[in-house]
Amino acid sequence: MSQDPGALFARAAALATAYRREIADAKQRPDHNYSAAVVDWDATTPEHGLPAEAVLEELVTRATPGLHASTGPRFFGWVIGASHPAGVAADWMTSTWGQNVGNHQAAPAASAAELVAGRWLVDILGLPAESSVGFVTGATMANLVGLAAGRSEVLRRVGWDVEADGLFGAPPIRVVVGEDVHVSALSALQFLGLGHARVTRIATDAEGRMIPEALQAALAGTTGPLIVMLQAGQINTGASDPFPEIVPIARAHGAWIHVDGAFGLWAQASPAYAHLAAGVELCDSWATDGHKWLQTPYDCGFAIVRDPEAHRRAMAFGASYLPAVAAGERDPTHYVPELSRRARGFTTWAMLRHYGRSGLAAMVAHCCAMARQIATTVATEPGISVVNEVVLNQAILCFGGNLPLEESNRLTLATIARLQADGTAFAGASQWRGQWLMRVSVSGHGTTEADARLTADAITTSWRAVRGQNAG
Ligand SMILES: *Cc1c(COP(=O)(O)O)cnc(C)c1O
């Protein structure tokens, strides 16, 4: 086995370069689905080793047919960022350096990068400067961390130490969410012993925004520990809760206010879109992703908490945090569930450094403009309707909407299948208000106006083919 990794690393860089150069013209979907990919990978446990160079070739050969085009410019499935080259290069260095960012002695540079990238992040997202930031795997874990800080604080206020004594026998915490909450936020509640089913769900409007009067009514007479979970960026519509109206209601009842802002919080990064999340900075904790709109490679998310002490209390190991942290020191592990951990500060720093405030604002605005372009173009075709107000980067489309629900569901799913098989562009299905829709999420940095045109054409063409078959 060669000791010098030069040839191996050069080969990996060449393969990566070729992949990224080809992705724009490639089909925006895998050639193989999951069951075919299992066949591609299937093999018995290797008895003997293989040189690293051969492992790399085999890895790429086995993976390639089942790779989804998440980094492609016409990929609009789920809400997935495009893993920007600046972040990928930083990610290579992160792996190369092999830093364990659990504590600042083991990883001085990585810990410092997190500190500074965290400050930039809070600044760019318009959140309170005193906030602390935990670098986690994604918004699910960021929701868990923010809600854990809230759980800690609302119980501390009634004299209960949840870190030491757990939830058995604790005063109950009332948890309030919007009707159109993301499932990830509910699973965070589930992990924390707060339960996903014992929440109070508050009615939302047509775009999925919590209705302030409904919250007011639900909280009437509520005293005691309370967590209100809000949302910046509903997964289907992109809409955010009306924070300026909601926050005073929640505050009047002493709530900890957490925001799931996995992608929608990034509206704050653009002066043209910041009004959509106006007032979000008034809350107590925020969850957002790096691997969606910031375009870092997977995985990367941020838990941001206004009260660093509540944040540390919830996450630091066994109450050792207070004496251990000297003034001005920050151990990354005190803000996340893990100890040993990938140094996500490097990729976060790299993306923020690459874009800068103005570049980030432009990229966010561009994604929104591309979503609007696709939506307004397809809406000119008879039988296609845009169901949401395309205020951000999300558009949901209905096909044959004047037909009975069952029929339009069938046509919508058939149009999605057709679009995906064609491969010019990729969008998936989503359920909204009891109806199947095509969801187009423009979350990658690389979508050009030409890509938006090609996408609108591909959607329209798929719909015409389905409609034609149906008529015939
Ligand atoms: C994507 C998303 C999540 C989950 O984020 P992960 O990074 O997948 O853990 C939670 N909430 C919303 C609104 C999302 O869009």
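Please read all numbers here as calculations on a predicted model, not as lab measurements. Residue numbers start at 1 and run along the sequence shown. Order of listing sets the numbers, starting from 1, for every ligand and every atom in it.
Within the structure, the salt bridge (charged side-chain N to carboxylate O under 4.0 Å, His left out) test picks out the following pairs touching residues 442-457 (sequence neighbours left out): R74-D451.
In this model, a donor atom of one side chain and an acceptor atom of the other lie less than 3.5 Å apart for R439 and S430.
Considering all non-hydrogen atoms of both residues, A375 and V386 come closest at O-CG2, 3.5 Å.
Ion pairing between D180 and R201 fails under the 4.0 Å rule for side-chain N and carboxylate O. A salt bridge does not link E309 to R312: none of the charged nitrogens lies less than 4.0 Å from a carboxylate oxygen.
Protein residues having a heavy atom under 4.0 Å from any atom of ligand 1 are G138, A139, T140, H182, S184, G233, I235, D260, A262, F263, D289, H291, K292, listed by chain and number.
Taking the six-membered ring for Trp and the full ring otherwise, H84 and Y355 have centroids separated by under 6.0 Å.
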